[in-house]
There are 2 protein chains.
Amino acid sequence: MSSIREAERLFSEFLEKKKQKLTSQRRLILRQALDHGGHYTADGLLDFCRKKDPTVSKATVYRSLALLKECHVLEEQDFGDGKKLYERAQGRKHHDHFVCVRCGKIIEFENEKIEELQSEEARKQRFQVVYHSLKLFGTCSRCS
Amino acid sequence: MSSIREAERLFSEFLEKKKQKLTSQRRLILRQALDHGGHYTADGLLDFCRKKDPTVSKATVYRSLALLKECHVLEEQDFGDGKKLYERAQGRKHHDHFVCVRCGKIIEFENEKIEELQSEEARKQRFQVVYHSLKLFGTCSRCS
DNA sequence: TCTCAATTGAGAATTATTCTCAATTGGAGA
DNA sequence: TCTCCAATTGAGAATAATTCTCAATTGAGA
């Protein structure tokens, strides 16, 4: 996958600009984050990483997640259950989410029209939007 | 304001159905929640209540907020800063939010078209939406 | 290779929210 | 109005995700 390469380049250039280092831990965490699709918690990612290197610490995973979020390799999602989820952002289009409150399933969708209406609304209020989140909670087709 | 009456009626009928009691604390918390417009935290509401009755406990405020949320007198909003905000829901239309990441200001807006497109999208995925949240984060006209 | 600022691991600290439990109370029925 | 008991309360402990602290380690430029 060349997009993992792309993400690594993005991350290392970002670190270089900030005079920060690309350590072996950061490389491992990035790899594991990209290898596992979907949505995972910081703790889940820690588990993935520890399978490759049992010495990685929780603190380092949290610190790396903050960096990967800052350079837009990952995006943080909060579905209101007290823990944050992460998903890949680099190389992907923006999308919104359905969240099944029964089984926890997350479905992604894109809707250009909704995006446009949001921008229009922002213009009306003279508001500079940096990011946004749209979540629909309910039951998926299997659960309802 | 007759809508405070309306909210009280709604709340007491809700409690009656569940064989729960309308205590003096619950009445006070409801009053304070409705008297203060805008968005407030559980802790902020506790402060309001304690000005009227210093013996009210944190636990009771949290417990009452859960009930008021359940009967749709209040709505819970999570703007991702680690604490939940509450606002009046009863007697109001659904609305979405702009959140200024610099000054913290919250602007509400309604957009019927966006709501329709969301329902359409939900139909496509055969998803039964129970509630949804749309938040636009950025800088308000004063801050940008 | 040397140097040193940046990074790390381990565990303590933080903080919003929930839980526990003995004491209190609202309100249905006598 | 009085009694009774399930529901509620206050106080503080418990929980849990995330952040912080600090001594030891490490990456990369000179």
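Naming convention: chains lettered A, B, ... in sequence-line order (proteins, then strands); numbering from 1 in each chain. Computed from a predicted structure; not experimentally measured.
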Using atom [atom1] of [X] as one end and atom [atom2] of [N] as the other, report the distance to the nearest whole Å.
| X | N | atom1 | atom2 | value |
| --- | --- | --- | --- | --- |
| E16(A) | dG27(D) | CD | C1' | 13 Å |
| Q20(A) | dT26(D) | CD | C1' | 15 Å |
| L65(A) | dA17(D) | CG | P | 15 Å |
| R50(A) | dT8(C) | CZ | C1' | 13 Å |
| L46(A) | dT19(D) | CG | P | 14 Å |
| I29(A) | dT7(C) | CD1 | C1' | 11 Å |
| R27(B) | dG26(C) | CZ | P | 9 Å |
| K19(A) | dC4(C) | NZ | C1' | 14 Å |

Looking at D78(B), is its backbone amide N or carbonyl O close enough to the side chain of K135(B) to form a donor-acceptor pair, meaning the two atoms are under 3.5 Å apart? yes
Comparing K84(B) with D53(A), nearest DNA chain C nucleotide closer to 5' gives the residue D53(A)
5'-most contact on DNA chain C (nearest-nucleotide basis), A59(B) vs V56(A), goes to V56(A)
Checking contacts here: which listed nucleotide ([options]) is nearest the side-chain heavy atoms of [X]?
| X | options | value |
| --- | --- | --- |
| K21(B) | dA7(D), dT18(D), dT7(C) | dA7(D) |
| Y62(B) | dG10(D), dT17(C), dG27(C) | dT17(C) |
| T55(B) | dG10(D), dG9(C), dA6(C) | dG10(D) |
| T23(B) | dG26(C), dT8(C), dT18(C) | dG26(C) |
| R26(B) | dA17(D), dT9(D), dG27(C) | dT9(D) |

The residue, K18(B) or V61(B), whose nearest nucleotide of DNA chain D is more 5′ is K18(B)
Taking for S24(A) and for L67(B) the nucleotide of DNA chain D with the nearest heavy atom, the one nearer the 5' end belongs to L67(B)
At under 4.0 Å between heavy atoms, what does T41(B) touch on the DNA or RNA strands: base, sugar-phosphate, or nothing? nothing
Any strand, both distances under 3.5 Å, Watson-Crick or G-U wobble: dC2(C) pairs with dG29(D)
*Could you label the plane-to-plane angle of the H36(B) and F48(B) rings as parallel, tilted or perpendicular, counting under 30° as parallel and over 60° as perpendicular?*
parallel
Under 4.0 angstrom between [X] side-chain N/O and [N] OP1 or OP2:
| X | N | answer |
| --- | --- | --- |
| R63(B) | dT18(C) | no |
| T60(A) | dG9(C) | yes |
| Q25(B) | dG10(D) | yes |

**Message:** In the structure I gave you, are the side-chain heavy atoms of F109(B) and D96(B) within less than 4.5 Å of one another anywhere?
**Reply:** yes
- Task: Give the intermediate values and the outcome of side-chain contact (heavy atoms from CB on, under 4.5 Å) for residues L10(A) and C71(A).
- Result: CA-CA 8 Å; L10(A) 215 153; C71(A) 67; 4.3 Å; yes
Does CD belonging to E121(B) count more than 12 external heavy atoms closer than 6.0 Å?
-> yes
On a heavy-atom basis, the closest approach of Y86(A) and T41(A) is CD1-C, 4.5 Å
